[in-house]
Student: 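The structure that follows is given in the form of C-alpha cells.
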2 protein chains.
Amino acid sequence: MIKKDRFNNDLQQLAAFAKVLAHPARLAILQFLSQSKTCISGDISEHLPLSRTTVSQHLSELKKLGLIHGEIEGTKVNYCLCSSSIASFLTKMEAFFEPIKNCEMSCETNHE
Amino acid sequence: MIKKDRFNNDLQQLAAFAKVLAHPARLAILQFLSQSKTCISGDISEHLPLSRTTVSQHLSELKKLGLIHGEIEGTKVNYCLCSSSIASFLTKMEAFFEPIKNCEMSCETNHE
DNA sequence: AAATAATGTCGTATGTTTGCGTCATTAAAC
DNA sequence: GTTTAATGACGCAAACATACGACATTATTT
C-alpha cells in the first residue's frame, strides 16, 4: 500500500482537504465555529454527540491542515476558522471541477 | 463507534461526497474521464499506478454515489461522468461553505 | 502550596479503507 | 463449442481512522 504517493501533488492536496471534510463531526465543528461569533473553546464538545477527547482529536485534524487555529487563553483554548486557508482550498477544488462540470461527453443523454 | 449517524443528514451527505473525493486515485479517475472525450472503459487502469482490481473498486465507489455511470458494451464497459449528480453535490458543498467563507470572526487578524 | 478546571497526549479496541490475487461470469472471436 | 478478453465479486492482509478512558500538563482559584 502507501500507493497514494504515486499520484501528482495537486491531487494529493485536494484529496487531503476532502479527507478532512469526510467526517460529519469535522463539518459540524466548522459550522459551529462559523456560527458562534466568539471563537469558543472546547465547549464545542458540549454541542456534539462525542466525547471530549474525540472532539479534541477532530480539532487537531482540522488544525493540522490549517483550516482552524487555536489560541491559548489561560486554561482555555479559543478555536477559530482560518478563512484564508479554507478559501484557498476551495479555490483549488473549484479549479479541479471546472473542466469536469463542463465536460460535454457525460452520458446524461444516454440514461433514463 | 458508528457514531456518524448521530449527525444530521445534510452533514452526512456532504461527508460522503467528501469521502469519495478523499483518494487521489478517484480524483484522477474523474479527471481522466473528463479528458478522454470518449467514455473509455477499464483501460483507465492503464493510466493509473494501481492494479486493475483496485481501480475497479474505486470505480464502484464513484458509481455507488452516482458520480459516474457504466454502460456495458459487449465485453467492455464504458464509464462516464454523471455531470448532473456531480453538479448537485458541488452546489451543496458551496452552500455549506458560504457562511463559513463569510464568517467575520475568523482570527486572521490575530495571527502572523 | 493545594485544589480545581480545561485541555492535550497516549494506549488501545474496534471498524473501515486500500490494494491485490484468484476465481467466476459474460461476450465476442475463432 | 473453445478459446480469449474484459470485467466484477470474493477473500485476505496491511494500514488507517474513529472513539474513548486514563493520565499528564498547565493555569487559575483558593
Side-chain angles (χ1 to χ4, degrees), chain A residues 1-7 11-12 15-30 32-33 36 38-65 67-80, chain B residues 1-7 11-12 15-30 32-33 36 38-65 67-80:
Chain A
M1 288 124 192
I2 321 163
K3 291 247 171 163
K4 295 185 184 179
D5 309 342
R6 303 192 185 169
F7 292 91
L11 293 187
Q12 287 191 54
F17 179 53
K19 186 181 248 168
V20 121
L21 303 180
H23 195 293
R26 291 190 288 266
L27 295 176
I29 290 172
L30 293 177
F32 181 81
L33 287 178
S36 65
T38 75
C39 303
I40 284 184
S41 82
D43 60 3
I44 295 165
S45 4
E46 304 283 299
H47 292 257
L48 296 186
L50 292 171
S51 84
R52 195 190 56 73
T53 9
T54 304
V55 171
S56 170
Q57 221 163 168
H58 284 304
L59 284 167
S60 64
E61 298 275 341
L62 289 164
K63 203 159 59 177
K64 205 169 66 187
L65 239 208
L67 304 192
I68 65 175
H69 278 129
E71 213 171 300
I72 297 168
E73 200 160 290
T75 157
K76 302 191 177 189
V77 176
N78 284 354
Y79 280 104
C80 54
Chain B
M1 289 128 193
I2 320 165
K3 292 244 171 167
K4 295 185 183 179
D5 310 341
R6 302 193 188 168
F7 292 91
L11 293 187
Q12 287 192 53
F17 180 54
K19 184 181 252 171
V20 121
L21 302 180
H23 194 293
R26 290 190 288 265
L27 295 177
I29 289 171
L30 293 177
F32 180 81
L33 287 178
S36 66
T38 75
C39 303
I40 282 185
S41 81
D43 59 4
I44 295 165
S45 1
E46 304 284 299
H47 292 258
L48 296 186
L50 292 171
S51 84
R52 194 190 55 74
T53 11
T54 304
V55 171
S56 169
Q57 220 163 168
H58 285 304
L59 283 167
S60 64
E61 299 274 341
L62 290 164
K63 204 159 59 177
K64 205 169 64 187
L65 239 207
L67 305 191
I68 64 175
H69 277 130
E71 212 173 302
I72 297 168
E73 198 161 292
T75 156
K76 302 191 174 185
V77 176
N78 284 353
Y79 281 104
C80 54

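Given the structure is predicted, the values throughout are model-derived calculations rather than measurements. Proteins come first, then strands; the chains are lettered A, B, ... in the order of their sequence lines, and each starts at number 1.
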Student: Do the side chain of Arg26(A) and the main chain of Ala15(B) share a donor and acceptor less than 3.5 angstrom apart?
Tutor: no
Student: Expressed as a whole number of angstroms, how long is the span from Leu59(B):CG to dC20(C):P?
Tutor: 14 Å
Student: When you measure from the side-chain N and O atoms of Lys19(B) to the phosphate of dT17(C), is any distance below 4.0 Å, counting only OP1 and OP2?
Tutor: yes
Student: Round to a whole Å and report the spacing from CG of Leu21(B) to P of dT17(C).
Tutor: 14 Å
Student: With a 3.5 Å distance limit and no angle check, can you tell me whether Gln12(A) reaches the backbone of Phe7(A) through a side-chain donor-acceptor pair?
Tutor: yes
Student: Send over the distance from Glu73(B) CD to dT26(C) P, rounded to a whole Å.
Tutor: 19 Å
Student: Give a yes/no answer on whether the side chain of His58(A) brings an N or O atom under 4.0 Å of OP1 or OP2 in dA17(D).
Tutor: no
Student: Tell whether Arg52(A) reaches the base of dG21(D) with its side chain through a donor-acceptor pair below 3.5 angstrom.
Tutor: no
Student: With heavy-atom distances below 4.5 Å as the criterion, would you say the side chains of Leu21(B) and Leu30(B) are in contact?
Tutor: yes
Student: Ignoring backbone atoms, establish whether Thr54(B) has a side-chain N or O less than 4.0 Å from OP1 or OP2 of dC20(C).
Tutor: yes
Student: Would you mind reading off the distance between Leu62(A) atom CG and dT18(D) atom P, rounded to a whole angstrom?
Tutor: 11 Å
Student: To the nearest 0.5 Å, tell me how far His58(B) NE2 sits from Leu27(B) CG.
Tutor: 10.5 Å
Student: Please give, in whole Å, the distance from dT18(C) P to His23(B) NE2?
Tutor: 5 Å
Student: When only distance counts, do a donor and an acceptor, one from the side chain of Gln57(B) and one from the base of dG19(C), lie under 3.5 Å apart?
Tutor: yes
Student: Is the shortest side-chain N/O distance from Ser56(B) to OP1 or OP2 of dG8(D) below 4.0 Å?
Tutor: yes
Student: Tell me if the side-chain of Ser51(B) makes a donor-acceptor pair with the base of dG19(C), cut-off 3.5 Å, by modelled atom types.
Tutor: no
Student: Starting from the 5' end of DNA chain D, give me the residue, Thr53(A) or Lys63(B), whose nearest nucleotide shows up first.
Tutor: Lys63(B)
Student: Whole angstroms only, please: what is the CD-P distance between Glu71(B) and dA6(D)?
Tutor: 19 Å
Student: Rounded off to whole Å, could you give me the CG-to-P distance for the Asn78(B) and dG8(D) pair?
Tutor: 11 Å
Student: Using the closest heavy atom to pick a nucleotide of DNA chain D for each, name whichever of Thr75(B) or Ser60(B) lands nearer the 5' end.
Tutor: Thr75(B)
Student: Distance check: side-chain N/O of Tyr79(B) vs OP1/OP2 of dA6(D), anything under 4.0 Å?
Tutor: no
Student: Rounded to whole Å, please give me the gap between CD in Glu61(A) and C1' in dT18(D).
Tutor: 10 Å
Student: If you apply the rule side chain to side chain contact (heavy atoms under 4.5 Å, CB included), what do you find for Thr54(B) with Leu48(B), and how did you get there?
Tutor: CA-CA 10 Å; Thr54(B) 304; Leu48(B) 296 186; over 6 Å; no
